[in-house]
Amino acid sequence: MPKPKSVSRHIVLTSHPSRFGPKPIPIKWGAADPMQRGPVIATLAKQTHRNVIGTHSGSYAIYRALAVASGALQSDHRADLTNTSPVAHIGPHPSWADPEKIVSLDPFGAIASEVFASYYQQGYDIRPTIAITQAHINMPELLDAVSKGRLQVDGQIMKANGDLVVTKAAIEPVWYLPGVAKRFGISEGDLRRALFEQTGGMFPELVTRSDLEVFLPPIGGLTVYIVGDLSAITDPHKPVAVRVHDECNGSDVFGSDICTCRPYLVHGIEVCVQTAQSGGVGVIVYSRKEGRALGEVTKFLVYNARKRQEGGDRADAYFTRTECVAGVQDMRFQELMPDVLHWLGITRIDRMVSMSNMKYNAITESGIEIVERVAIPEDLIPQDARVEIEAKKAAGYYTTGDILDADGLADLKGRSLEG
């Protein structure tokens, strides 16, 4: 089978703006009219069309490079978006036109092929950064909840075989750099320089193209799972439940019991189903921030350090070992997290399934009301995860239960590596 032909071997450097030729379509972040806002154009086929820094699905860019280099993918491939439009309608909401409410995703990302159709017809390679579809998900814990009477089979939301019917949206990060800088209380120049340096100079435009204000960072995005009627999200008379969950591959997928991640995720889904079945809606936000955004290698190194330290895996040293390895306890920086909730049109959360103060503070400070916080039930906490949960409670995480004192934390130990 012949390899696809290569388009060009000529390399065009884009690290400095051209003084000549057509200017790219400007992006006016926060404009309510998408045509005034302008499309996000990250094409690699026509450099003069690009009006952002970075590429779509940036965390997979190296795989695309391998596909192009090996001849499996044409470098100028243009996506055929026939029949790819969203299966459910979300927005627009007032928050879409507020440049301070949403700075880390493109609110028009799901409907780009519709609202920017005229640009498509002119040959612009504009791609969606959000995709919305419907699916059935099945987790054995949910079927167990049905057998124990906590969830009901209704035939629409919850099927008899345990299938849960959801609407789901995959969202790529799209950062409006002036807004991100303002959110963190830093200068845009300092943000650009740090991004440039910490990516090893991968994106020189960060420091040479101040005219490009939008950046598609090479990081994982997030997925939203919606249970129930989407219209209930903006109905002030219907309850909304939310679980914001940061990825934990070991627990979420493989059931590791050193943390409470999968049990808490499942409990969040259960609360969302209960809320949807009572006439409201439930929302699960699943973010790719493995190991508190420190990465899975760092997380496993910390596991080893915790279990090998003097006295074993102790609750009183839970956060200390992370900081010793990573230099910081947590890099998730939840300040950007509420953007997806604003994209959905959420203004009030009746049941927030989380014990994290960082998440709670980020959401409420962004203008969203939280009525009730829901901690993980005691009977869902794995024994080896007691170290984690008690350390978090002692550090100020939300709880309705008892908090161990210093002696109690020191006495609480997890399994050894050999256990």
Side-chain angles (χ1 to χ4, degrees), residues 27-34 36-37 89-110 129-130 169 171 173-186 188 191 213-214 221-246 268 271-272 275 280-287 289 330 332-374 396-398:
I27 295 177
K28 298 180 181 178
W29 200 266
D33 183 339
Q36 291 182 2
R37 204 296 303 273
H89 183 72
I90 294 177
H93 300 294
S95 54
W96 291 24
D98 187 336
E100 295 189 4
K101 292 291 187 187
I102 299 177
V103 301
S104 63
L105 60 87
D106 178 8
F108 298 105
T129 57
I130 300 175
I171 302 176
V174 178
W175 288 9
Y176 174 56
L177 292 174
V180 172
K182 185 174 182 180
R183 185 80 60 88
F184 283 89
I186 58 178
E188 183 185 346
L191 172 62
E213 296 183 325
V214 175
L222 57 88
T223 311
V224 180
Y225 293 84
I226 304 170
V227 184
D229 183 5
L230 271 68
S231 66
I233 290 176
T234 55
D235 188 332
H237 304 294
K238 295 184 178 180
V240 176
V242 172
R243 165 71 182 167
V244 176
H245 189 91
D246 294 321
V271 171
C272 285
T275 304
V281 65
V283 176
I284 301 290
V285 178
Y286 193 90
S287 299
K289 295 178 180 177
D330 196 313
R332 287 173 291 183
F333 296 110
Q334 301 292 356
E335 288 87 347
L336 298 178
M337 172 268 295
D339 289 22
V340 64
L341 305 179
H342 289 295
W343 173 70
L344 290 168
I346 293 175
T347 57
R348 187 197 70 251
I349 298 172
D350 296 277
R351 304 191 73 191
M352 179 68 190
V353 189
S354 173
M355 295 169 67
S356 169
N357 288 337
M358 287 189 295
K359 293 176 183 176
Y360 175 84
N361 292 338
I363 291 171
T364 55
E365 289 172 7
S366 77
I368 296 174
E369 177 190 3
I370 294 178
V371 178
E372 178 189 359
R373 302 172 73 177
V374 180
Y397 277 53
Y398 173 77

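Note: hydrogens, waters and symmetry copies are ignored here, and every other heavy atom, side chains too, is used.
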- I would like to know whether Val371 and Arg348 meet side-chain contact (heavy atoms from CB on, under 4.5 Å); could you show each step before the answer? CA-CA 8 Å; Val371 178; Arg348 187 197 70 251; 3.9 Å; yes

- Message: Between His342 and Ser366, is there a side-chain donor-acceptor contact under 3.5 Å, judged purely by atom types and distance?
- Response: yes

- Query: Closest heavy-atom contact between Leu191 and Leu177?
  - Reply: CD2-O, 3.7 Å

- Query: What closest approach, in Å, do Val271 and Ala241 show between heavy atoms, and which atom pair accounts for it?
  - Reply: CG1-CB, 4.0 Å

- Query: Do you know which two heavy atoms are closest between Pro338 and Ala362, and how far apart they sit?
  - Reply: CG-O, 3.4 Å

- Do you know the tightest heavy-atom contact between Lys238 and Asp350? O-OD2, 3.9 Å

- Task: Look at the side chain of Lys359 and the backbone N and O of Ser354, then say whether any donor-acceptor pair between them is shorter than 3.5 Å.
- Result: no

- Query: So which heavy atom on Ala169 is nearest to which on Ile130, and how close?
  - Reply: CB-CG2, 4.4 Å

- Start with the C-alpha gap between Val180 and Glu335, add the side-chain angles, then the distance that decides, and say whether side-chain contact (heavy atoms from CB on, under 4.5 Å) holds. CA-CA 9 Å; Val180 172; Glu335 288 87 347; over 6 Å; no

- Task: Would you mind reporting whether Val281 and Leu230 have side-chain heavy atoms less than 4.5 Å apart?
- Result: no

- Message: For Asn361 versus Thr364, what's the shortest heavy-atom pair and its separation?
- Response: O-OG1, 3.3 Å

- Item | From Arg351 atom CZ to Thr275 atom OG1, the distance as rounded to the nearest 0.5 Å | 5.5 Å

- Query: Once you round to the nearest 0.5 Å, how far does CE of Met358 lie from CE of Met337?
  - Reply: 9.5 Å

- Under 3.5 Å, is there a donor-acceptor pair between the side chain of Trp29 and the main chain of Ile102? yes

- Task: Determine yes or no for a side-chain-to-main-chain donor-acceptor pair under 3.5 angstrom, with Trp96 supplying the side chain and Trp343 the backbone.
- Result: yes

- Query: When rounded to the nearest 0.5 angstrom, what distance separates CD1 in Ile349 from CD1 in Ile233?
  - Reply: 10.5 Å

- Item | Phe108 six-ring face occupied by Arg37 cation (under 6.0 Å, within 45°) | no

- Item | Distance-only donor-acceptor check, side chains Gln334 and Asp246, under 3.5 Å | yes

- Residue pair Arg373, Asn357: steps toward the side-chain contact (heavy atoms from CB on, under 4.5 Å) verdict: CA-CA 10 Å; Arg373 302 172 73 177; Asn357 288 337; 2.8 Å; yes

- Message: Distance check, rounded to the nearest 0.5 Å: Tyr286 atom OH versus Leu222 atom CG?
- Response: 11.5 Å

- Message: Between Leu336 and Arg183, does the side-chain contact (heavy atoms from CB on, under 4.5 Å) criterion hold? Intermediate values first, please.
- Response: CA-CA 8 Å; Leu336 298 178; Arg183 185 80 60 88; 4.2 Å; yes

- Task: Sequence neighbours left out, what passes salt bridge (charged side-chain N to carboxylate O under 4.0 Å, His left out) with Glu365? Give chain and number order.
- Result: none

- Query: Do Ile370 and Tyr360 touch side chain to side chain, with heavy atoms closer than 4.5 Å?
  - Reply: yes

- Kindly indicate whether the side chain of Val353, heavy atoms from C-beta on, has any atom under 4.5 Å from the side chain of His245. no

- Item | Donor-acceptor contact below 3.5 Å, side chain Asp106 vs main chain Val174 | no

- Distance (rounded to the nearest 0.5 Å) between Thr223 OG1 and Ile171 CD1: 8.0 Å

- Query: Would you say Ile346 and Ile363 make side-chain contact, with heavy atoms under 4.5 Å?
  - Reply: no

- How many angstroms lie between atom OH of Tyr176 and atom CD of Glu100, to the nearest 0.5 angstrom? 10.0 Å

